[in-house]
Amino acid sequence: QVQVVESGGGSVQSGESLTLSCVGSVYYYYGSYCMGWFRQAPGKEREEVAAIITLNNSTWFTESVKGRFTMSQVKSNDTLYLHLNNLQPEDTAMYYCAVVVACYGDGDFKADNVIHWGLGTQVTVSS
């Protein structure tokens with residue numbers, strides 16, 4: 001049974017950085033998949049933030065975080081990292097790690113397609 005577990009959230013000031021971690025042995029179970037992050041702010045819908053697309057080893061970021069967020073992956077410890085730089089108050093949300101299988105592009109990385117969700121980690125940014 002695949003599980004994904006996030007950690008690394010916290011409360012920071014505007015302009016500061018955080019690194020989120022997601023641990024999950026996804027690689028051993030699936031061929032092509034996408035693994036990445038969603039976030040949900042109070043009163044808003046869950047939105048896609050970033051994903052690794054294993055089919056072509058590419059990454060995708062939503063427009064609002066491009067240039068500020070990056071990802072890295074260490075397969076030896078089954079961990080995906082989301083590096084959040086220059087955080088802004090509008091980045092405040094619960095961040096969820098997620099896995100989508102049969103994922104061939106960023107268009108497949110949607111909440112309805114997620115088969116494994118983490119419990120989430122809170123990121124709070126104050127101005």
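By the 4.5 Å heavy-atom criterion applied to side chains, Val123 and Leu20 are counted as neighbours. Side chains of Ser17 and His83 form no contact here, defined as non-hydrogen atoms less than 4.5 Å apart. Looking at heavy atoms from C-beta onward, Ile115 lies in side-chain contact with Tyr30 at the 4.5 angstrom threshold.
With values rounded to the nearest 0.5 angstrom, Asp112 atom CG is found 11.0 Å from Arg46 atom CZ. To the nearest 0.5 Å, atom CG of residue Asp106 and atom SG of residue Cys34 are 8.0 Å apart. The OG1 atom of Thr19 lies 7.5 Å from the CG atom of Leu84; values are rounded to the nearest 0.5 Å. Atom CZ of Arg39 is separated from atom CD of Glu45 by 14.0 Å, given to the nearest 0.5 angstrom. Taking CD from Gln73 and CG from Asn57, the interatomic distance works out to 8.0 Å, rounded to the nearest 0.5 Å.
Closest non-hydrogen pair, Thr79 versus Val23, comes out as OG1-CG2, 3.6 Å. Contact between Ala50 and Phe109 at its shortest, heavy atoms only, is O-CE2, 3.5 Å. The heavy-atom pair separating Leu80 from Ser72 by the smallest distance is CD1-O, 3.5 Å. Taking every heavy atom of both residues into account, Leu18 and Leu87 meet most closely at N-CD1, 3.9 Å. Looking at every heavy atom in both residues, Val65 comes nearest to Val49 through CG2-O, 3.9 Å. Annotation for Gly118 and Tyr96: closest pair O-CD2, 3.5 Å, computed over non-hydrogen atoms.
Heavy-atom neighbours of Glu90 CD from other residues, nucleotides or ligands within 6.0 Å: above the threshold of 12. Around the CD atom of Gln13, the shell of radius 6.0 Å holds more than 12 heavy atoms that belong to other residues, nucleotides or ligands. Within 6.0 Å of CG in Leu119 there are 12 or fewer heavy atoms belonging to other residues, nucleotides or ligands.
The backbone N or O of Cys103 sits nowhere less than 3.5 Å from a side-chain atom of Ser32 that would complete a donor-acceptor pair. The backbone N or O of Asn56 sits nowhere less than 3.5 Å from a side-chain atom of Ser58 that would complete a donor-acceptor pair. When atom types are taken as modelled, the side chain of Gln122 and the backbone of Gly120 share no donor-acceptor pair closer than 3.5 angstrom. Put simply, the side chain of Asn85 gets close to the backbone of Arg68: a donor and an acceptor are under 3.5 Å apart. Judged by distance alone, the side chain of Asn113 and the main-chain N or O of Val100 form no donor-acceptor pair under 3.5 Å. Under a 3.5 Å cut-off, the side chain of Glu6 and the backbone N or O of Thr121 do not form any donor-acceptor pair.
Judged by distance alone, the side chains of His116 and Tyr33 never bring a donor and an acceptor atom under 3.5 Å apart.
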